[in-house]
Chemist: 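Dropping the structure in here first, questions after.
Below, read A as the first sequence line, B as the second, and so on, with proteins coming before strands; counting in each chain starts at 1. What you see is a predicted model, and the numbers here were worked out from it, not measured in a lab.
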Amino acid sequence: MREGRPVRVETRHSIQNTPTGTDCSPPTAVANVSQYACQRRTTTENHNKIFTDVMEELAESSEFNESKGPCLAFRQAASVLKSLPSAVHCLKAIQGLPCLGEHTKAVMEEILTFGRSFKVEEIRCDERYQALKLFTSVFGVGPKTAEKWYRRGLRSLQEILTEPNIQLNRMQRAGFLYYSDISKAVSKAEAKAVGCIIEETVHWIAPDAILALTGGFRRGKEYGHDVDFLLTMPEMGKEEGLLLHVIDRLKDQGILLYCDYQGSTFDVSKLPSCRFEDMDCFQKCFLILRLEQGQVEGERGLQRDPGDSRGWRAVRVDLVAPPVDRYAFALLGWTGSRVGLDQIIVK
DNA sequence: AGGCCTACG
DNA sequence: CGTA
DNA sequence: GCCT
């Protein structure tokens, strides 16, 4: 997810003392909003959905209008609001928070007063916005491609698939093929089932390999849009080639529907300075896996009508394979001191 | 007034 | 260009 | 649009 860019910390970003007691939100609501999006409190539930939905629509609309600045600003505003531990009930409660300026606050006031934003409702009615939103909801389709299709007069996904002169790339073909599955949220039970499959595959290759769930489900979320794992070997360097082996095995099992592999770009001799926190250089892959319904806890053998559904669904899965020293560092960073390694390593 | 991730495929 |  |  993407949480937007870091914001410099200021003393005013911390809550001011409110000795008069006129604030109408818990005092903790505004305290401790970090300078960095990645350091902000990541709550399991979003307590300000009524605001963040609108901010994200404004961001999307800005993106479609190629207004990069406003797009970023609305995304950051949404990110800050999502990090709050409780719902905002009056504007006073967000005093001093970063990324919430004049315009954003005006929109929020409108929502507090009328329960809706009229500007956003206008945007939602716009034909171009609707089409671009629909097109970009396909995995592999961004604003440029969506705009191209819109200018050709296309309006529905069916029209895209029917149009003979459109050549979809590999990513987009997967996007259309598994559209409804990928659009659907992944449940915790499904994430666990994916974990079992990856675990079995990984340990078949290397019994001492270490696999850990990360991302939203690691933080205890009930639903997510993909499932993330960290994978490594206890002995430094042994993780080389492991990820490609895993991908081969998934292929052999016939459950690999899509695979985008990125080799490691970590090179000590090339790096000007050691950046421990740079996770982007590790081996990783973005997959779409076929998950059998029978593998999911709670859905075992409940299939009364086999003709009713396929008996499986597609799930987006990310695997990252750092060397073990970085792995430990990354896990501790994501996990915090309260959870032990035994709780986060899938065994 | 000017910036607003980046690296990879 | 699109992804994370 | 928000911040510097």
Chemist: Using the side-chain heavy atoms of A/P70, tell me which of these nucleotides is nearest: C/dG2, B/dC5, D/dG1.
Modeler: D/dG1
Chemist: Any residue in residues 103-115 of chain A with a heavy atom nearer than 4.0 angstrom to DNA chain D? Just list them by number, or reply none.
Modeler: A/H103, A/T104
Chemist: Please report the distance, rounded to the nearest Å, between OH in A/Y258 and P in C/dT3.
Modeler: 9 Å
Chemist: Between A/D318 and A/R316, is there a side-chain N and carboxylate O pair less than 4.0 Å apart?
Modeler: yes
Chemist: Atom CE of A/M171 and atom C1' of C/dC1: how far apart are they, to the nearest Å?
Modeler: 9 Å
Chemist: Taking salt bridge (Lys or Arg N to Asp or Glu O under 4.0 Å) as the cut-off, I'd like each qualifying pair that reaches into residues 180-194 of chain A, sequence neighbours left out, listed once.
Modeler: A/D181-A/K184, A/D181-A/R310, A/K188-A/E222, A/E190-A/R313
Chemist: Taking only the side-chain heavy atoms of A/A73 (C-beta and beyond), determine which of D/dG1, B/dC8, C/dG2 contains the nearest atom.
Modeler: D/dG1
Chemist: Nearest whole angstrom, please: distance from the C1' of C/dT3 to the CG of A/L319.
Modeler: 16 Å
Chemist: Pick the P atom in B/dC4 and in C/dA4, then give their distance to the nearest Å.
Modeler: 24 Å
Chemist: How many Å lie between CZ on A/F286 and C1' on C/dA4, as a whole number?
Modeler: 5 Å
Chemist: Categorize A/Q172 for me: base, sugar-phosphate, or nothing, with a 4.0 angstrom heavy-atom threshold over every strand shown.
Modeler: nothing
Chemist: Please measure how far the C1' atom in D/dC2 lies from the corresponding atom in B/dA7, and state the result in whole Å.
Modeler: 26 Å
Chemist: Whole Å only: how far is the NZ atom of A/K68 from the P atom of B/dG3?
Modeler: 12 Å
Chemist: What is the distance, rounded to the nearest whole Å, between atom CZ of A/R75 and atom C1' of D/dG1?
Modeler: 13 Å
Chemist: Looking for any heavy atom pair under 4.0 Å, which part of the strands does A/R316 touch: base, sugar-phosphate only, or nothing?
Modeler: sugar-phosphate
Chemist: Quick one: label A/G69 by what it contacts on the DNA or RNA (base, sugar-phosphate, nothing), any heavy atom closer than 4.0 Å.
Modeler: base
Chemist: Just checking A/Y258 against A/F139, ring centres under 6.0 Å apart?
Modeler: yes
Chemist: Nearest to the side chain of A/F139, heavy atoms from C-beta on, is which of D/dC2, C/dT3, C/dG2?
Modeler: C/dT3
Chemist: Only distances under 3.5 Å count here; give the side-chain donor-acceptor pairs of residues 99-113 of chain A to other protein atoms, sequence neighbours excluded, each with its distance to 0.1 Å.
Modeler:
unit_1, atom_1, unit_2, atom_2, d
A/E110, OE2, A/F118, N, 3.2
A/T113, OG1, A/E109, O, 2.7

Chemist: Side-chain donor-acceptor contacts of residues 163-170 of chain A below 3.5 Å, not counting sequence neighbours, with atom names and distances?
Modeler:
unit_1, atom_1, unit_2, atom_2, d
A/E163, OE2, A/N165, N, 3.4
A/N169, OD1, A/M171, N, 3.1
A/N169, OD1, A/Q172, N, 2.7
A/R170, NH2, A/C259, O, 2.6

Chemist: So which nucleotide from C/dA4, C/dG2, B/dC4 ends up closest to the side chain of A/L72?
Modeler: B/dC4
Chemist: Please tell me whether A/E239 and A/Y327 have a donor and an acceptor in their side chains that are separated by less than 3.5 angstrom.
Modeler: no
Chemist: Would you classify A/D318 as touching base, sugar-phosphate or nothing, given that sugar-phosphate means primed atoms plus P, OP1 and OP2, and contacts are heavy atoms under 4.0 Å?
Modeler: sugar-phosphate
Chemist: Determine all donor-acceptor pairs shorter than 3.5 Å in which one atom belongs to a side chain in residues 65-74 of chain A; sequence neighbours excluded.
Modeler:
unit_1, atom_1, unit_2, atom_2, d
A/N65, OD1, A/R128, NH1, 3.1
A/N65, ND2, A/S61, O, 3.2
A/E66, OE2, A/K144, NZ, 3.0

Chemist: Rounding to an integer number of Å, can you tell me how far A/K119 NZ sits from D/dG1 C1'?
Modeler: 12 Å
Chemist: Just the rounded figure in Å: distance from P of C/dC1 to CG of A/L132.
Modeler: 15 Å
Chemist: Quick test of your reading: applying ring pair (Phe, Tyr, Trp, His ring centres under 6.0 Å), list the pairs with at least one residue in residues 144-180 of chain A, sequence neighbours left out, ordered by first then second residue.
Modeler: A/F135-A/W149
